[in-house]
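Right, one structure below, let's go through it.
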Amino acid sequence: MKLLYFAWVRQQTGVNEECVTPPNHVNNVAALIDWLRERGPQYARAFEDVSALRVAINHELVDFDAKLSKDDEVALFPPVTGG
Amino acid sequence: MKLLYFAWVRQQTGVNEECVTPPNHVNNVAALIDWLRERGPQYARAFEDVSALRVAINHELVDFDAKLSKDDEVALFPPVTGG
Amino acid sequence: MTVRIQEHDFDVNAELAALTVGQHHVGGLVSFIGLVRDFGELQSVASMTLEHYPGMTEKILGKIASEAAERWNLSSSLIIHRYGYLEPGDRIVLVAAASEHRVSAFDACEFIVDWLKTKAPFWKLEEGNGNAKWVTARMDDTAASARWSVKK
Amino acid sequence: MTVRIQEHDFDVNAELAALTVGQHHVGGLVSFIGLVRDFGELQSVASMTLEHYPGMTEKILGKIASEAAERWNLSSSLIIHRYGYLEPGDRIVLVAAASEHRVSAFDACEFIVDWLKTKAPFWKLEEGNGNAKWVTARMDDTAASARWSVKK
């Protein structure tokens, strides 16, 4: 699974993108975030407050209960501020 | 008094602008138009139907009952179509 | 607030850049370009000749721009209106409004265009296929203009 | 329908002219230029860095332009969005919509800008006076975007 981080999420994790292989029980976005928090203090901090977190799977915005597949590209970022 | 004509009013009168000295009883726009109609067939035709005629005195749009002075610049034209 | 009436075409890039140069509080610049269409009240339009009322036109355009500046918080505005002989695809008018916030810029620009249509002393002669027709005022332009009559 | 994401600036004249060239049924062309302001969530902004999500951004901008084309009778539309390092007065985005009638062009342009603000995956980092702040999403942008949620 490919993970991408943008804006302050990227700054806090300290990573632009990475490939991860979470365990089988990590089958939706909420579970992924819980799992990421355990990967280190910078992840714990990045995902401490998820109220301002947005998630896209394969370029589509999704809710936290969206299902994940191992080949997905999952992006985690703040609300967008384009235009 | 200076008169100006625009668009089809100009085409029908055959004149861009002219200076006129109407008699004293011609003291408002309606009276001016009545007086102009008597000046020849091209004027009679131009002012036959005044429903689509607009009038400005000294660059200000006015109603047909607006008073006239001898130094006024009076323009007669169709509804505008700018933009 | 810039108002110009001219026969020649305009450089949109230069005009819009001049509107906001050095004005770093501007967040949004909205512009409208009106173009000559190849159809109209005549089915086929080969040319359009715009006549205007020199002296009155400048005053009315200035009033429209002032009215927009009173209604919205604009940092600048622009009206350039052409006259003379034009062909389909040619630009007739450029209207622009710059503001800190985009909503003001959009509203002011649309307001200026709507008022131009019903208040500025221009007349358009369409010609094509041997026909010539003075464009008549449109009811929907009158309605569009009237919706701004109550100040917000 | 043209969508571009680029680091360099754009030539407004050339972009707008390209939108209507040879399209002589177009009567109105409305454009919006978004500019970097020298204030924001920071009181003083010396620079703004735009980050985006390559791959997703193109798709979203394409969807927004398609949605506008479905809702209004447009002859063409344009979205150019910049990313990277910008300073106050620099242009961020150019949106344009061309239509036979000006009302469609105004509405479509404003719609595209509103949706860009809330749907396009861009993020803005403001820096100035030794401070740095990621711009947060605005409630009034969300409201502006939501008013288009019911198709007319």
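Just so it is clear, the values below take in all heavy atoms, side chains as well, and ignore hydrogens, waters and symmetry mates. First the proteins, then the strands, lettered A, B, ... as listed; each starts at 1. Quantities reported herein were computed from a predicted structural model and do not represent experimental measurements.
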Next item on the list: Please assess B:F77 against C:E51 for the test side chain to side chain contact (heavy atoms under 4.5 Å, CB included), listing each intermediate value before the final yes or no.
Entry: CA-CA 11 Å; B:F77 47 75; C:E51 181 172 332; over 6 Å; no

Check: Tell me, side chain or backbone of C:V135 under 4.5 Å from chain B's heavy atoms, or both, or neither?
Finding: both

Check: Given a strict heavy-atom distance threshold of 4.5 Å, which part of C:K133 is in contact with chain B: side chain, backbone, both, or neither?
Finding: neither

Check: So, the side chain of C:W123 versus the backbone of B:P78: is there a donor-acceptor pair under 3.5 Å, distance only?
Finding: yes

Note to self: Rounded at 0.5 Å granularity, tell me how far CZ in B:F6 sits from CZ in C:F122.
What the structure shows: 11.0 Å

Check: Under 3.5 Å, is there a donor-acceptor pair between the side chain of C:K124 and the main chain of B:G83?
Finding: yes

Checklist line | C:K63 side, atom NZ; B:E60 side, atom CD - distance, nearest 0.5 Å | finding: 3.5 Å

Check: Where on B:R10 is there a heavy atom nearer than 4.5 Å to chain C: the side chain, the backbone, both, or neither?
Finding: side chain

Next item on the list: Go through C:W115, C:Y53, C:F32, C:Y83 and name the one with the most non-hydrogen pairs under 4.5 angstrom from chain B.
Entry: C:Y53

Checklist line | Closest heavy-atom pair and its distance - C:M56, B:A56 | finding: SD-CB, 3.7 Å

Margin query: So for C:T49, is it side chain, backbone, both, or neither that comes closer than 4.5 Å to the heavy atoms of chain B?
Written below: neither

Note to self: Measuring from atom OG1 of B:T81 to atom CG of C:D141, what distance do you get when rounded to the nearest 0.5 angstrom?
What the structure shows: 9.5 Å

Notebook entry, point to check: Checking heavy atoms, do the side chain of C:K117, its backbone, both or neither come under 4.5 Å from chain B?
Noted result: both

